[in-house]
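Down below is the structure, laid out as structure tokens.
So you know, we letter chains A, B, ... as the sequences are listed, proteins then strands, and number each from 1.
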Amino acid sequence: GENVEQHPSTLSVQEGDSAVIKCTYSDSASNYFPWYKQELGKRPQLIIDIRSNVGEKKDQRIAVTLNKTAKHFSLHITETQPEDSAVYFCAASNDMRFGAGTRLTVKP
Amino acid sequence: EAGVAQSPRYKIIEKRQSVAFWCNPISGHATLYWYQQILGQGPKLLIQFQNNGVVDDSQLPKDRFSAERLKGVDSTLKIQPAKLEDSAVYLCASSLGQPLHFGNGTRLTVT
């Protein structure tokens, strides 16, 4: 199955700064890359996703970029707010294996 | 639309006991997943169903875990016998292609 690695495991930023989380994958056939946000005690919820025929996708303060050649994709959050504090997970393609997660803390 | 329903929300059992979890996916979703999420870790895929057939169960500890989706709708996940290391949140998710929609999970504590 797909092997997904996620970095960093923890990330602390000041409110208003940007945050970047990176994932690498192993299966070159993977063609779908979602990002989920999980708040404490809650279920993971999709925040953005990208397909392999697109290099970048943006939704307000959140963007995802994909480099198929290097087999990595990244989540970018700009103008971070305290409510962005959560654990973020990436996943790759059809067998939907998740990365280990990044705990993002936004300090006011 | 109604989301993915899971029950129970919480379960506490002693080691070596048995336990079962139930999941009702979003109506019309052909694909159903069971994940195990240990505290502080990412969701680990246990099994994936496409309708009532198993697509991937390579990470399911088959000596103690079993799952079924007999009519291609609801699914149950069973652990028999439970071990301390099975303490986790068990998440069910469903999809019609992508993306996955998760239920609220069942938090299992094995003592």
For this session: Dump the intermediate steps for side chain to side chain contact (heavy atoms under 4.5 Å, CB included) on B:Y33 and A:M96, then the final yes or no.
Result: CA-CA 9 Å; B:Y33 307 78; A:M96 292 308 294; 3.9 Å; yes
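For B:D56, the part sitting under 4.5 Å from any heavy atom of chain A is the side chain, from C-beta outward, and nothing else. Heavy-atom distances place the side chain of A:Q38, and not its backbone, under 4.5 Å from chain B. Contact annotation for B:L100: both backbone and side-chain heavy atoms come within less than 4.5 Å of a heavy atom of chain A.
Distance CG/A:N31 to CD/B:Q98: 6.5 Å, rounded to 0.5 Å. To the nearest 0.5 Å, atoms CD (B:Q59) and CZ (A:R97) are separated by 4.0 Å. The line from CD of B:Q41 to CZ of A:F98 is 14.5 Å long, rounded to the nearest 0.5 Å.
If you tally non-hydrogen atom pairs under 4.5 Å between each of A:G41, A:P34, A:P44, A:G101 and chain B, the highest count goes to A:P44. Annotation: maximal heavy-atom pairing with chain A below 4.5 Å, among B:P99, B:G105, B:G97, occurs at B:P99.
Each salt bridge (Lys or Arg N to Asp or Glu O under 4.0 Å) pair with one or both residues in residues 43-53 of chain A, not counting sequence neighbours, appears once here: A:D49-A:K57.
Taking a 6.0 Å sphere around NZ of B:K71, one finds it holds 12 or fewer heavy atoms contributed by other residues, nucleotides or ligands. Counting non-hydrogen atoms of neighbouring residues, nucleotides and ligands closer than 6.0 angstrom, the CD atom of B:Q80 reaches no more than 12 such neighbours. More than 12 heavy atoms of other shown residues, nucleotides or ligands fall within 6.0 angstrom of atom CD in B:E85.
The shortest non-hydrogen separation linking A:F89 to B:G42 is CE2-CA, 3.2 Å.
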